[in-house]
Amino acid sequence: MLCRICKSKGERKKAVIFIRHHRLALCKEHFVEWFERQTEKTIKKFKMFSKREKVLVAVSGGKDSLSLWFALHRLGYETYGFHVSLGIKGWDYSERSLEMCRKLSERIGRPLIVFDLKEEFGYTIEEIAKGTGRRDVCSVCGTFKRYLMNKVAREHGFKVVATGHNLDDESALLLSNTIRWEIGYLGRQAPVLPEEGGFARKVKPFCFLTEKETVSYAIVNNIEFLKSGCPNAKEATSATFKRALALIEHEMPGTKLRFYKEFLKKARPLFEREVKRELQLNECQVCGMPTTAPVCAVCKALERLRERC
Ligand code: SF4
Ligand code: ZN
Ligand code: ZN
């Protein structure tokens, strides 16, 4: 297959990717150009951030977050990486993910802020989950990562935090929330969550780009990323929703993108009204971070752990 853009200029260059829902075959150079243009378009459309703001990019060591850091840097934004070292020993997961983040940080010459759970709190994420009697490490991990993102953003003066969620993640989450009619979650699912009540603005500049596109972007730019996931990642329900959507997408290309875009345009504003009525934030009595309870979930978990020791 030949690159469509090169072809229109009378050149013959082999395509490295075929973007099915846009019926677009592109060579390496034009794919990178297209990908970064799409990212920039999303940032501008949703007024995510400007070139005058410093952006904290949450990086895990995987393809999406590292591609995001690389793309934002190439687009000229002032980026800082942020990584939570969870202390997961299995498959050398934490060690290798930190190494991937460090490599990119050195390559693009941008600082990486690392929060080491064991050093700072005295426990790894698995010890925290076990000590608090939670069998599902991932839900504890999600709570801690979200909390730390806000805490670090606040302490380092960042008003905006960017994450690498892609269209596959967002459409699977939307399907899952819709099937369960999770009104609160539906109202909060958006490319931008504004800065409010002590929380930094959360943005997802890759929300209209597929996983195939983000992984291709990482590969053509020689970004080293962790290919094997975390040993705690079991067959999550999100994978089932992703498979279901992939099946529909195969039969009807463009469904995922339409599903998500139409939700943002037509349905989300209705759910958002409900959320605004429902959410009441106060400061955590222990750490001062915003929470809906008197003491936030992280402080509660750490308190429980200390009581046991
Ligand atoms: Fe954390 Fe679970 Fe992801 Fe591992 S798979 S990094 S434990 S959320
Ligand atoms: Zn081309
Ligand atoms: Zn707290």
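Just the heavy atoms: all of them, side chains too, but no hydrogens, waters or symmetry mates, feed the values below. Start at 1 and go down the list; that is how both ligands and their atoms are numbered. Here the structure is a predicted model, which is why all the values come from computation and not from measurement.
Aromatic rings of Phe259 and Phe263 (six-membered ring for Trp) have centroids beyond the 6.0 Å cut-off, not under it. Between Phe206 and Tyr217, the distance from one ring center to the other does not fall under 6.0 angstrom.
Donor-acceptor pairing under 3.5 Å is lacking for the side chains of Ser8 and Arg4.
Within the cation-pi definition used here (under 6.0 Å to the ring centroid, within 45° of the axis), Arg110 qualifies as a partner of Tyr80.
Around atom 1 (Fe) of ligand 1, the protein N, O or S atoms found under 2.8 Å comprise Cys141 SG.
Summarising the geometry, atom CG belonging to Asp169 is positioned 8.0 Å from atom OG belonging to Ser171; distances are rounded to the nearest 0.5 Å.
Ion pair Glu40/Lys44 flagged as a salt bridge, since at least one NZ, NE, NH1 or NH2 atom sits closer than 4.0 Å to an Asp/Glu carboxylate oxygen.
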